[in-house]
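Written out below as structure tokens is the structure these notes cover.
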Amino acid sequence: MTAHTTAHQTNFQKLIEKNHASVSLRRKVTNAVMLSVTGLMTILALIPLFWIIGYVVYKGGQYINLDFFIHTPRPLGMEGGGVLNAIQGTLIISGLASLIAIPPAILAAFYAANNPNTPLGVVLRFSTDVLSGIPSIVIGLFAYAIIVKPMGHYSGFAGAVAMAMLMLPTIIRTTEEMLKLVPHTLREASLGLGAPEWKTSISVVLPAALNGIMTGILLSVARAAGETAPLLFTALGNERYDLGLIIQSGIAQKQGFFEILKRVFDQPVDSLPLTLWKYAQQPYPERIEQSWAAALVLMIVILLINIFTRLWVESRKRRLQG
Amino acid sequence: MSKITRSFMFVLLALAFVLAACGGNSATPETIVQTQIVEKEVTAQPAMTEEPLPAGSVQINGAGATFPLPIYTEWTYAYSYVDPAVVINYQGIGSGGGKKAIIDGTVDFAGSDSLLKAEEYDAGKDLQMYPMVASAVVVIYNVAYENVPDGTTPAKLVLDRQTLVDIFNGKVNNWTDPAIVELNPDLKDFLPNATITVVHRSDGSGTTEIFTKSLTAFSSDWTAGGASSVEWPVDQAGNGVGGKGNQGVSAAVINTPNSLGYVEISFAKSNGLAFADLINKSGNKVTASAESIASDMATFGPEAFDDKLTATIVDGDGAGDYPIVGYTYLILHTESMTDCVKAGKLLEYVQWTLTDASAAKRAGDLGYAVLPGAVRDAVLAKLGEVTCNGEPVMK
Amino acid sequence: MTKYIHPLPQTHWLSRLRRAISHGDLPWKWIIIAASVLVMVLILAVGEMLWRESADARSTFGFGFLTPTLTPDWDPVNDEFQAWPFIYGTLLTSLTAIVLALPISVGIAIFMAELCPPWLRMPLNWLVELLAAIPSVVYGLWGIFVFLPTVVTPVAEGLFETFGTVPGLSVLFTGPVPVSGASRLAAAFILTIMIIPTITAVTRDVLLAIPTSQREAALALGATQWETIWQVLLPYGLSGILGAIILGLGRALGETMAVTMVIGNSIEGSASLLRPGYTMASIIANEFAEAVTKLHTQSLIEIGLVLFVLTLILNMVARFLVWSVARKTPQEARA
């Protein structure tokens, strides 16, 4: 503490001396130049952003069409192939991953919000940070070891588990923040009326923060939907995946709901980023065109979710803060 | 016929199957219109089970070599019209990946251009390799020719078997080496006085296995052996570099002037890379093509196959034989499959790829050579030995 | 009300337990504790899995697996593995990215925290965060087909011509530059773009947390705005900015897809920034699915373990630094 204070005092002394001695023009010029440099840096960083978005829209826009959304891939040289399998796969994996991640994440967030300073609270915050720092490829290895290997085959379920692990820390953190934004008076009023803690949490605090939590979840789903690395050794990919066909054949074979559900999740599936990655590496132009189209779809979904949630969070914060 | 027309005909044929098999159940208005102009062609009818299963009820997963990926993609797609009950997914993750997956049992079948080793047969218990199609490994090159007059293109590079071995031994290391100049009199004035950068695979691969087995057959000077990965003499000589996958080798050759490497023919074609003509064992200049591959296969015939149904068919002595040729294989478990419906459907599919006329035509169009009749019969006989829970799968 | 129903005295443990359960708070408490513990358990499980599954590789290769070497050996056929080329590739690309990203990010953070008009701050913040929202594979796709040919190749050629023959520096800048541009430099550039949001966000928060009194004091002493920032604010928030750098480094180390797509994936002896290379994450992505032998698989998992431990340490250090700034800053902070 003291070391810092003295350091700053010397800084101030230096400044005073400088003010007396230096040429003010040079300082003014330095000031102006350096301040504009920070502005330039900002512009420099935004160039790639607009470049990527612009180029993806330009390229993807050329190759996107209805077939892209309603058909599964076709062999090279055949018109009308799409990536329906990957779109369905992305939805299935993100959906299941959300189902797996949301309940424990919200519960843990309750703990973190209510007990920030207990030892477990500190550990929880730390492990949340660590979990979000683990490289996604390592999470993929983990999911391979605990699910793919014991089950004996690649599956959408394994992919969803890996995704859920990536989503967990983000949801915990945003939920915790949203829970903290709920006015204390609300919680105290409920407790004061004799409602137990759990009932207060679930039916008073949670609803009050629900919109914010939902946006946090949406953001983390958007982030997860764009991930590829954890799916490489879990979901693997499947060009022939067709949800409609699976359900139809399940019904035709008189299988029960759970049997069909099992078939939906228990086989390899593709996802948009996975398809994009595989296609971008192939030497065939039409595959590369499709990967641009896939990039466009991904970008649109992710940008929409981001813009929508941010607008929502801002308006909500403003309302809560009065 | 253009590619699109061909594809179109293929779809029509495939759709004809659907209509034949399912009595028009799955026909959309689009397909009904199209079938009116379908040509009749005799094809083997898939063996049907007593009661057809509903569409999409059997999911079969495979993975492995990337080299047969184009043809496998087409076959599995077409087969979804032949037997809508079956959904076949094949992922190209490399021969090594395919072997690992079938040994671990994470897939139902694997693709590989590299032969299983003894310990891999042991690890996988009851594995059997079935040759599917054959193709060639070609020598790609990127030479920065000098003093080429405007408006002319230098002739194709020609190499003989000994020179190829010398290049990969690092003995011939300059483009102006007399051995190369002598073989290419037309290029004499253009060849640069530059070191040959030799690009080889850095990963274990079936392509390398086929290529180094060829080098072993070409000359006793090649002592590094024939395997999916070897210690490259050219690396010790200092002018060799590695690239990962057919993709990596192609990229390295494209990006390095005065380089030379080897890839599966489909990669050379799809990347528009020049590949050398070779002087074969009987002294003729041959270009890699479906015909010269088939000629080599015919030279060896079905006798080349050992009891594991694997064969090395490099360096044939027929007049039109391309010398660097290999089979790509499908790997199955012969006894430990437990889902007999799935096993049956899988074997029906393999049978279809080997016997159906449209399947063979498609393979030929993509530059693959299909199995000679006698080999095909041997493979089919071997398929008949596959059992599921002790019962033969094929009736 | 209930107290008349229970024959047991209120203070009896059984009655307390029963009340707690019927009230529902005790189960609730345990459920949320269980959920919190789950997060910790997951991390331990990841670490345990990586440790256990790499046992053979660790005992076979020992520390030689990780130590620097001039003749790296990665030979799946003869089952000999050394991780150095990947560790080197990861460190070189990540550190280069940090060096490039730091001035840009600090510039943006200063602009956002100190200079820009309030109405611009929010949209600017969104835009920078959007950079983090773009999927890795999209960066890779754009990198291969747009960024590499238009930016990386010319820059690399320029660097090669300028520094390629300078003694000392030539190790980092030997060519030839691949025509496609796929190189460690390309990976470093893409990583730079990807970690800018991370470093910017933390640095901006650190700057915003510095009490206004510091600024006022400096300005009152006659300092220009830049001098205030450079000589007062940045030194004040230094440890926080250090934390930001380390967080950015953590992100760069683990980045997989974009790097795999642009780095060229080649295991070669060259130490040059301008040559293709490999990173720890990209070797796992490329080879794990096709590793057949046990040692090959285990070596890849051991690389995963190295990555895990590295990110773990970096996270701890970064959190400590950020936390130490937060502690130093008085609560009244900035009104």
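Heavy-atom basis, side chains included; hydrogens, waters and symmetry copies ignored. Not measured: the values here are computed from a predicted model. Protein chains get the first letters and strands the later ones, always in sequence-line order, with residue 1 at the start of each.
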For [X], is it the side chain, the backbone, both, or neither that has a heavy atom closer than 4.5 Å to a heavy atom of chain A?
| X | answer |
| --- | --- |
| C:Leu130 | both |
| C:Leu124 | side chain |
| C:Ile104 | both |
| C:Met316 | both |
| C:Ser36 | both |
| C:Thr297 | neither |
| C:Met40 | both |
| C:Ile196 | side chain |
| C:Glu53 | side chain |
| C:Ile229 | side chain |
| C:Val151 | side chain |
| C:Leu141 | both |
| C:Leu50 | side chain |

Under 4.5 Å heavy-atom distance to chain C, tell me which part of [X] shows up: side chain, backbone, both or neither.
| X | value |
| --- | --- |
| A:Asn306 | side chain |
| A:Arg223 | side chain |
| A:Leu219 | neither |
| A:Ile202 | side chain |
| A:Val37 | neither |
| A:Leu272 | neither |
| A:Ala222 | neither |
| A:Leu298 | side chain |
| A:Leu141 | both |
| A:Ile302 | side chain |
| A:Leu276 | side chain |
| A:Leu168 | side chain |
| A:Met34 | both |
| A:Leu49 | both |

Output the option from [options] having the highest count of non-hydrogen pairs under 4.5 Å with chain A.
| options | answer |
| --- | --- |
| C:Glu129, C:Glu255, C:Lys29 | C:Glu129 |
| C:Cys116, C:Ala318, C:Ser136, C:Pro103 | C:Pro103 |
| C:Ile33, C:Ile110, C:Leu312, C:Ile31 | C:Ile33 |
| C:Leu38, C:Val146, C:Thr260, C:Ile193 | C:Val146 |

Pick whichever of [options] has the most heavy-atom pairs under 4.5 Å with chain C.
| options | value |
| --- | --- |
| A:Leu232, A:Ile106, A:Asn115, A:Ile305 | A:Leu232 |
| A:Leu120, A:Thr128, A:Leu236 | A:Leu120 |
| A:Tyr144, A:Phe233, A:Phe50 | A:Phe233 |
| A:Leu46, A:Val33, A:Asn114, A:Leu44 | A:Leu46 |
| A:Ile134, A:Leu107, A:Ile139 | A:Leu107 |
| A:Pro104, A:Ala108, A:Gly226 | A:Ala108 |

If you take all heavy atoms of [X] and [Y], which pair is closest and at what distance?
| X | Y | answer |
| --- | --- | --- |
| A:Thr38 | C:Gly107 | CB-O, 3.3 Å |
| C:Met280 | C:Ile303 | CB-CG2, 3.5 Å |
| C:Gly140 | C:Val262 | O-CG1, 4.2 Å |

- Flag side-chain contact, heavy atom, 4.5 Å: A:Trp292 against A:Val56: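 Sidechains of A:Val56 and A:Trp292: in contact.
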
- Message: Are the side chains of A:Tyr279 and A:Ile288 in contact, using a 4.5 Å heavy-atom criterion?
- Response: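 SC-SC contact between A:Ile288 and A:Tyr279 ruled out.
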
- Message: Walk me through whether C:Met112 and C:Thr200 qualify under side chain to side chain contact (heavy atoms under 4.5 Å, CB included).
- Response: CA-CA 9 Å; C:Met112 289 206 297; C:Thr200 304; 3.7 Å; yes

- Report the residues that fulfil salt bridge (charged side-chain N to carboxylate O under 4.0 Å, His left out) with A:Arg125, sequence neighbours left out, ordered by chain and then residue number.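 Partners of A:Arg125 under the salt bridge (charged side-chain N to carboxylate O under 4.0 Å, His left out) test: A:Glu176.
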
- Give a yes or no answer on whether the side chain of C:Asn125 reaches the backbone of C:Arg121 with a donor-acceptor pair at less than 3.5 Å.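 It does not hold such a pair.
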
- Take the angle between the ring planes of C:Trp142 and C:Tyr139 and call it parallel below 30°, perpendicular above 60°, tilted in between.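 The arrangement is perpendicular - the two ring planes meet at more than 60°.
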
